[in-house]
Amino acid sequence: MSTTSSTAASPFAACLFALALPTGALAAASSLDGQPIELPAGIEACAQVHVDSERLACYDRYVAPKVRGAVVGPAASSSSPGAPVTPAAIAAARPAPIQGGRNSILDEYWELAPERKRGTFNFDGYRPNYFFPLHVTSGINRNPRSPAAGHDGSLPDYDRHEAKLQLSVRTKLWEDVGVPGGDLWFAYTQQSLWQLYSGGLSRPFRATDHEPELFYIAPIRYELPLRIKLQMAGIGIAHQSNGQTLPLSRSWNRTYALVGLEKGPFALTVRQNWRLHESDDQDDNPDLTAYRGRTELLGLWTPGFMTASALWKTNFDTRRGSLQLDWTMPVRRSDPKGLRYYVQVFTGYGETLTDYNFRQTSVGAGLSLFGW
């Protein structure tokens with residue numbers, strides 16, 4: 001629904017116009033029947049909501065109780081006039097999810113419903129974005145090895161205490177293409193391990209992995225037993241490499257398919273990877289999937305301000321793979337999309353591409369950089 005049609009259909013268009021007036025003019029705002037309206041303090045926070053339908057719902061929620069005879073949805077009628085406008089209150093003013101109940105995690109993240117669409121070329125977080133000033137590993141892979149010829153190398157005497165950072169962004173290239181509601185996305189993720197405390201080695205980055213992806217996501221809307229909702233499915237293609245030359249070069253190309261399921265505050269994404277074949281003289285790591293795994297299960301729990309996730313990579317037929325646990329909490333509860341405390345635990349193979357066949361356990365702690 002466009003901004004124009006949404007505003008025209010609402011009885012509060014005059015109130016929205018009043019919000020554009022100077023602060024001193026707000027007192028003169030009036031309802032459609034000529035009676036003065038006392039706008040709740042802090043209502044300007046609604047202007048921070050970028051989705052048109054959600055911003056209008058936020059205004060309706062706080063202005064509607066002041067207008068005689070106004071007919072509003074549950075979000076407006078459940079709040080008392082003058083209630084403080086907080087991020088949590090703005091979230092409560094959003095349109096109800098299509099399938100009822102709480103707002104869908106996957107719906108909001110992937111913009112599955114028409115009212116969630118934000119258009120193309122708007123950059124946002126993809127995977128978690130974080131900086132860990134302290135990242136401690138159980139061991140350093142000082143002699144990286146690969147079955148490929150000429151791929152056995154050695155590394156300096158790196159410290160087990162370092163920093164870790166990840167930057168991951170995505171943007172929609174094409175909206176509503178293919179099946180109804182389907183979108184084409186591009187994403188880029190960069191993860192680095194930084195020897196911040198190795199002054200004698202000039203504090204180098206000991207590993208940096210680059211991963212561009214192109215993928216297509218479509219809504220499904222199918223309810224399974226136990227009220228589990230199949231929300232979306234997708235296909236994609238990705239390249240991942242560590243940007244190194246021989247003997248430390250590591251890389252692989254893959255296609256994948258994924259589905260997303262949800263129940264209440266729990267979401268699960270299941271991804272299956274198929275490695276694209278490379279000739280023997282170009283394959284840096286022919287046994288990579290035997291250690292890293294082909295299947296990825298990402299579970300997410302969002303009970304409130306806190307988030308927790310578990311990422312399991314496996315083949316199911318080996319004891320190899322990895323498990324990564326992530327936990328976040330906002331630094332300020334009044335700003336849940338701002339800085340967040342972040343703790344991560346990793347155990348298994350492949351924390352980096354250089355370490356794809358090296359087993360280790362690591363713990364990192366720091367801050368998330370922006371929302372995802």
Side-chain angles (χ1 to χ4, degrees), residues 126-127 135 137-158 160 162 164-168 187-195 204-215 235-258 270-298 311-324 344-362 364:
Y126 176 42
R127 295 174 183 164
H135 175 262
T137 179
S138 60
I140 296 290
N141 184 12
R142 305 189 192 282
N143 300 107
R145 295 288 185 264
S146 169
H151 284 69
D152 294 351
S154 60
L155 294 175
D157 188 20
Y158 287 137
R160 294 190 304 111
E162 57 192 352
K164 181 178 181 180
L165 63 150
Q166 178 167 287
L167 298 174
S168 185
Y188 173 77
T189 302
Q190 178 176 308
Q191 177 185 279
S192 298
L193 294 176
W194 180 16
Q195 286 283 292
F205 286 86
R206 76 171 177 93
T208 297
D209 293 338
H210 310 268
E211 187 172 7
E213 298 179 57
L214 184 68
F215 48 93
I235 55 174
I237 185 170
H239 166 79
Q240 188 179 26
S241 65
N242 63 357
Q244 297 282 345
T245 58
L246 291 178
L248 299 178
S249 177
R250 304 289 186 267
S251 65
W252 69 312
N253 302 308
R254 70 188 190 276
T255 60
Y256 59 82
L258 73 158
V270 181
R271 181 189 305 236
Q272 183 66 32
N273 297 289
W274 293 276
R275 186 176 182 186
L276 298 178
H277 176 73
E278 299 177 66
S279 60
D280 293 340
D281 61 337
Q282 293 182 336
D283 194 340
D284 292 323
N285 25 251
D287 59 343
L288 182 142
T289 55
Y291 288 90
R292 185 195 180 280
R294 299 180 183 87
T295 304
E296 301 177 19
L297 290 87
L298 173 62
L311 174 60
W312 183 34
K313 299 179 181 180
T314 183
N315 279 329
F316 290 111
D317 56 353
T318 70
R319 295 183 179 180
R320 296 165 181 164
S322 65
L323 177 65
Q324 179 176 298
Q344 182 183 91
V345 179
F346 175 92
T347 184
Y349 294 91
E351 184 172 16
T352 71
L353 269 180
T354 304
D355 297 335
Y356 82 89
N357 55 1
F358 180 77
R359 185 178 181 86
Q360 62 187 305
T361 297
S362 66

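The shown structure was predicted, so the numbers you read here are calculated from the model rather than taken from an experiment.
- Counting all heavy atoms, side chain and backbone alike, Pro204 lies closest to Tyr158 at CG-CE2, 3.9 Å.
- Side-chain contact, Trp194 with Glu162: no donor N or O sits under 3.5 Å from an acceptor N or O.
- The distance from the CD atom of Gln195 to the CG atom of Leu155 is 10.0 Å, given to the nearest 0.5 Å.
- The line from CZ of Arg275 to CG of Asn253 is 8.0 Å long, rounded to the nearest 0.5 Å.
- Between the side chains of Gln360 and Asp355, at least one donor N or O sits under 3.5 Å from an acceptor N or O.
- Annotation: the span from Leu214 atom CG to Thr255 atom OG1 amounts to 12.5 Å, rounded to 0.5 Å.
- Here the side chains of Leu323 and Thr314 are not in contact, with every heavy-atom distance at 4.5 Å or above.
- With hydrogens and angles disregarded, a donor-acceptor distance shorter than 3.5 Å links the side chain of Ser138 to the backbone of Thr361.
- Panel note: side chain Asn242, backbone Leu248; a donor-acceptor pair is recorded below 3.5 Å.
- In summary, the side chains of Ser241 and Ser251 do not present any donor paired with an acceptor at a separation below 3.5 Å, with no hydrogens or angles considered.
- Side-chain contact between Glu296 and Asn273 is present, with heavy atoms from C-beta onward closer than 4.5 Å.
- Between the side chains of Asp284 and Ser249, a donor-acceptor pair is found at a separation under 3.5 Å.
- Without hydrogens or angle criteria, Asn357 side chain to Arg145 main chain gives a donor-acceptor distance under 3.5 Å.
- Using a 3.5 Å distance cut-off with no hydrogens or angles, the side chains of His135 and Ser362 do pair a donor with an acceptor.
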Check step by step if side-chain contact (heavy atoms from CB on, under 4.5 Å) holds for Trp312 and Gln324.
-> CA-CA 7 Å; Trp312 183 34; Gln324 179 176 298; over 6 Å; no

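- Closest approach of Pro147 and Tyr356 over heavy atoms only: CD-OH, 3.4 Å.
- Thr354 contributes atom OG1, which lies 11.0 Å from atom CD1 of Ile140 (distance to the nearest 0.5 angstrom).
- Taking 4.5 Å as the limit, every side-chain heavy atom of Asn141 sits out of range of all side-chain heavy atoms of Thr352.
- Of the residues listed (Gln240, Arg127, Gln166, Glu211), the one engaging Gln191 in a side chain to side chain contact (heavy atoms under 4.5 Å, CB included) is Gln166, and it is the only one.
- Taking 4.5 Å as the limit, some side-chain heavy atom of Ile237 sits within range of a side-chain heavy atom of Leu276.
- You'll find the side chain of Thr208 reaches within 4.5 Å of the side chain of Gln190, heavy atoms only.
- Arg250 contributes a side-chain N or O that, together with a main-chain N or O of His151, makes up a donor-acceptor pair within less than 3.5 Å.
- Ring orientation note: the planes of Tyr126 and Phe215 are close to parallel, at an angle under 30° on the 30°/60° scale.
- Distance NZ/Lys164 to OG1/Thr137: 9.5 Å, rounded to 0.5 Å.
- Rounding to the nearest 0.5 angstrom, the gap separating the CZ atom in Phe346 from the OG atom in Ser322 is 4.0 Å.
- Salt-bridge check for Arg292 with Glu351: failed, with every basic side-chain N at 4.0 Å or more from each acidic carboxylate O.
- Pro286 is listed as a side-chain neighbour of Ser146, based on a closest heavy-atom distance under 4.5 Å.
- Between the side chain of Asp283 and the backbone N or O of Asn285 there is at least one donor-acceptor pair closer than 3.5 Å.
- The local environment of CG in Asp281 is crowded, with over 12 non-hydrogen atoms from other residues, nucleotides or ligands closer than 6.0 Å.
- Checked by atom type and distance alone, the side chain of Asn315 pairs as donor or acceptor with a backbone atom of Arg294 at under 3.5 Å.
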How far apart are the C-alpha atoms of His239 and Trp252, what are their side-chain angles, what is the distance that settles it, and do they pass the side-chain contact (heavy atoms from CB on, under 4.5 Å) test?
-> CA-CA 6 Å; His239 166 79; Trp252 69 312; over 6 Å; no

